[in-house]
S.K.: 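Let me give you the structure first, and then I'll get to my questions.
Whatever order the structure lists them in is the order used to number ligands and atoms, beginning at 1. On a predicted model such as this, the values are computed, not experimentally measured, just so you know.
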Amino acid sequence: MLLRHTPTEIKERSALTVNPAKTCQPIGAMYAALGVHGCLPHSHGSQGCYAYHRSALTRHFKEPVVAATSAFTEGASVFGGQANLVQAIDNIFSVYNPRVIAVHTTCLSETIGDDVPQIVAKAKADGKVPDGKFVFHANTPSYVGSHVTGFSSMTKAMVDYFAESNGQRAKTINLIPGYVEPSDMAEIRRIAGIMGIATIMFPDTSRVLNGPLTGRYKMFPDGGVTIEDLKKTGSSAGTIALGRTASLAAARALDAKCKVPCEILGLPVGLHGTDAFVDTLRRMAGVSVPDALNLERGQLVDTISDWHQYLYGKRVAIAGDPDQVLALTRFVVSLDMRPVHIVTGSPAGKKYEKRLREAVSEVPEPVNVKVPGDMLLFHQWIKNDPVDLIVGNTYAKYIAKDEDIPLVRYGFPIYDRMGHSYFSTMGYRGALRLMEKLLDAILDRKDRDADDITMELVM
Ligand code: SF4
């Protein structure tokens with residue numbers, strides 16, 4: 001038993017977190033920055049943070065993750081990191097030659113109160129930022145929120161620094177995909193493409209963190225939103241932001257700055273989540289839904305009706321990031337499954353918790369919800385009241401093993417399986433894949449537990 005010290009008795013804890021279900025802001029900021037074409041993320045703090053954040057992203061995506069650091073020493077920690085950042089900007093443009101540097105901060109630079117815009121202005125005044133190159137920044141104090149907050153802040157910074165209105169309205173729709181996989185971003189864009197809608201997606205990590213192996217290392221891969229497109233977002237017809245926690249701030253900022261109207265939706269997971277996305281796209285762009293998309297939807301509906309008998313009534317425990325947890329919960333409830341233990345590590349707020357509780361209001365048994373909660377509590381709930389299935393990231397595998405419950409890996413991080421960066425779980429097609437994973441896990445267990453009499457050939 002790997003987690004044999006997990007007690008079944010649940011005690012109220014106020015100071016102690018055990019096995020958190022989140023990580024710190026800069027990793028999300030780094031991930032968002034990688035979704036800008038030609039961008040080198042820069043961590044303004046001591047170098048341990050950046051080493052950890054790069055390695056966590058590399059372990060998840062199995063891809064090289066480029067970034068730089070101000071590499072604070074004790075001196076900089078006391079007297080401020082201005083000299084480090086100015087030097088870093090100079091070195092980065094001379095050695096790595098990115099188009100843009102995206103600076104985020106760590107606990108250290110936030111605590112000493114470094115004024116990043118002032119430092120960047122000094123670097124510009126000193127001639128360290130070449131013509132046609134850019135530096136932008138987001139403050140990402142790790143003692144506030146989670147990695148999703150960092151993602152949200154860096155995405156908003158793209159608006160704050162670059163979006164501008166040219167006084168006209170293009171037909172383009174801005175898509176803010178949220179903290180999702182590169183494959184999900186590609187799928188969201190593909191759906192809009194099928195509908196014949198021109199879009200600008202930001203950030204966009206597809207073809208950055210799921211690129212091809214060509215035999216030649218490209219430090220700045222082909223994917224990512226360009227600075228030119230980021231500027232154009234201020235003249236788009238509208239913005240669709242997916243996932244409130246990750247995308248709302250940028251969408252609201254764009255509305256305030258350039259008067260681009262926005263709609264905030266949940267992630268397009270499952271039938272209803274995707275319907276809401278497609279319908280909003282349709283209305284905003286003034287188009288009709290093409291047959292090709294109706295076909296995908298119909299196939300999903302057919303499959304739901306075919307597989308419903310195996311999913312009906314199955315009890316599920318879900319842990320992960322807020323936007324994913326909410327969208328997934330809505331989906332599994334729509335399949336007549338029962339999410340009974342739900343934890344997100346991010347402090348997503350009271351309104352979020354209310355939405356989550358509404359999503360499970362028709363589940364015909366009590367549901368445990370904790371926002372924010374940790375994996376110890378999640379495990380205790382499962383120990384006291386076992387489920388048929390766990391859905392969560394790689395850290396949930398210890399609980400799954402100890403309690404002998406099947407696990408479907410979902411969310412961030414997934415360190416021990418492949419596929420997530422290549423096969424989306426969003427849109428109608430993604431919902432099919434997600435259902436296949438849920439069903440495989442349930443039926444594999446059914447086969448494993450069957451005796452000679454109950455073993456079925458046909459299911
Ligand atoms: S919590 Fe602070 S010190 Fe730790 S990795 Fe994150 S930014 Fe760095």
S.K.: Please tell me whether Tyr352 and Thr245 have a donor and an acceptor in their side chains that are separated by less than 3.5 angstrom.
M.R.: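 Short answer, no.
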S.K.: Surrounding NZ of Lys314 (heavy atoms of other residues, nucleotides or ligands, distance under 6.0 Å), is the total greater than 12?
M.R.: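 Yes, because the 6.0 Å sphere around NZ of Lys314 holds more than 12 heavy atoms from other groups.
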S.K.: Does only the side chain of Gln25 get under 4.0 Å from ligand 1, or the backbone, or both, or neither? Count heavy atoms.
M.R.: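 No part of Gln25 is near ligand 1 at this cut-off.
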S.K.: Does the plane of the ring in His60 sit parallel, tilted or perpendicular to the ring in His420? Use 30° and 60° as the thresholds.
M.R.: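 Answer is tilted, since the angle falls between 30° and 60°.
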S.K.: Can we say Asp388 and Arg338 salt-bridge, meaning some charged N sits less than 4.0 Å from an Asp/Glu carboxylate O?
M.R.: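 Judged by the 4.0 Å cut-off on N to carboxylate O distance, Asp388 and Arg338 do not form a salt bridge.
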S.K.: Flag atom 7 (S) of ligand 1 as yes if some protein heavy-atom distance to it falls below 4.0 Å, otherwise no.
M.R.: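 Looking at atom 7 (S) of ligand 1, one finds that a protein heavy atom does lie closer than 4.0 Å.
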S.K.: With respect to atom 8 (Fe) of ligand 1, please indicate if Cys49 possesses an N, O or S atom at a distance under 2.8 Å.
M.R.: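 Yes, within the cut-off.
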S.K.: What protein heavy atom is closest to atom 2 (Fe) of ligand 1, reported as residue, atom name and distance in Å?
M.R.: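 Nearest neighbour among protein heavy atoms for atom 2 (Fe) of ligand 1, to 0.1 Å: Cys107 SG, 2.1 Å.
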S.K.: Ring-plane angle category for Phe412 and Tyr179, please: parallel below 30°, perpendicular beyond 60°, tilted otherwise.
M.R.: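 Phe412 and Tyr179: tilted rings.
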S.K.: Can you tell me if, anywhere in His53, an N/O/S atom lies at a distance from atom 6 (Fe) of ligand 1 that is smaller than 2.8 Å?
M.R.: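 It does not; every qualifying atom lies at 2.8 Å or beyond.
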